[in-house]
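The analysis underlying the following values was restricted to heavy atoms, covering all of them including side chains, and did not include hydrogens, waters or symmetry mates. Because the structure is a prediction, the values reported are computed rather than measured.
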Amino acid sequence: MRIIHALWVVLLAAPVAQAQTFNFWNLTAPTTGSNFLPTSGVSGTCTSGDICSSNGGALTFSATGGISVAASGTYNGSSAIVVQDHYAAPETGAGLGVYHTINPINSSDDNVTFGEVLKLHFSQAVQLGSVGFNNDGHTATFASGQYFQYSLDGTNWTTKALAGSVNLNLTTQDIYFRTDGTSAVPTKDQFYVSSVVAAVPEPETYAMMLAGLGLMGAVVRRRSSAKQV
């Protein structure tokens, strides 16, 4: 019994995951050198200062710990353009949104609004923690009665209140975001996804768990043999 208890103490003390943050809002003047920019998927056609994917393409971002995420968009089920919105320098950006139409001269449809879906596909399954949101005015303040929906498969949706930071605490490789979709005012719940905190279990944790399970099995077998003698 002491061996099993000690083993559980070691397992509980082991590092479960390393959190990594995707700061999609961190789109500042290029001279700062601190931007969180896409590593691939950027299209040359976009409004001035924003960063856009090609129609139906994805912007891929990499965090410092090795996880990458591809952001893509749809509008009423059809391919759309995902955008990393900016402010005029030296301010920072607002986050990720979706264009269902694009006009390089003048287009204000750069967040997630009615009929648009933003999909995040991680390079591996992650423990998804908090998700940050900004409103259409580029701040993290939302009024009571503003909602978003998320889905892990693009079919089954869960509704939550919009806020500057929302804890989801779930494990997934894909997550979809859209507006509530039931509002009488289609633009009321529009938002940007400003950040995501995700974590992947450490490899040594898996090894420790397997070793622990093996040790527990050996203890159980030895006790069973002793009872039969």
Which heavy atom in Val82 sits nearest to a heavy atom in Gly73, and how many Å separate them?
CB-N, 4.3 Å
Report yes or no: do Asp153 and Tyr176 form a side-chain donor-acceptor pair below 3.5 Å?
no
Do any N or O atoms from the side chain of Gln127 and from the backbone of Ala198 form a donor-acceptor pair under 3.5 angstrom?
no
Can a side-chain donor-acceptor contact be found between Asp136 and Gln190 if the only test is distance below 3.5 angstrom?
yes
Check whether the side chains of Asn23 and Thr21 place a donor and an acceptor atom closer than 3.5 Å, and report yes or no.
no
Look only at the side chain of Thr39 and the backbone of Thr60, and say whether a donor-acceptor pair between them is shorter than 3.5 Å.
yes
What about Tyr192 and Phe133, are their ring centers closer than 6.0 Å?
no
When you measure from the side chain of Thr74 to the backbone N and O of Ala80, does any donor-acceptor pair fall under 3.5 Å?
no
Under the 3.5 angstrom rule, does the side chain of Ser151 hit a backbone N or O of Asn156 as a donor-acceptor pair?
yes
For the residue pair Tyr99 / Asp50, report whether a side-chain donor-acceptor contact shorter than 3.5 Å exists.
yes
Backbone N or O of Gly93 within a donor-acceptor pair of the Gln84 side chain at under 3.5 Å?
no
As a quick check of understanding, evaluate side-chain hydrogen bond (donor to acceptor under 3.5 Å, both in side chains) for Gln149 and Thr159, giving each step before the final call.
CA-CA 4 Å; Gln149 293 183 328; Thr159 301; 2.9 Å; yes
Short question: side chain of Lys160, backbone of Leu168 - any donor-acceptor pair under 3.5 Å?
no
Where Pro38 and Ile51 come nearest, the two heavy atoms and their spacing:
CG-CG2, 3.8 Å
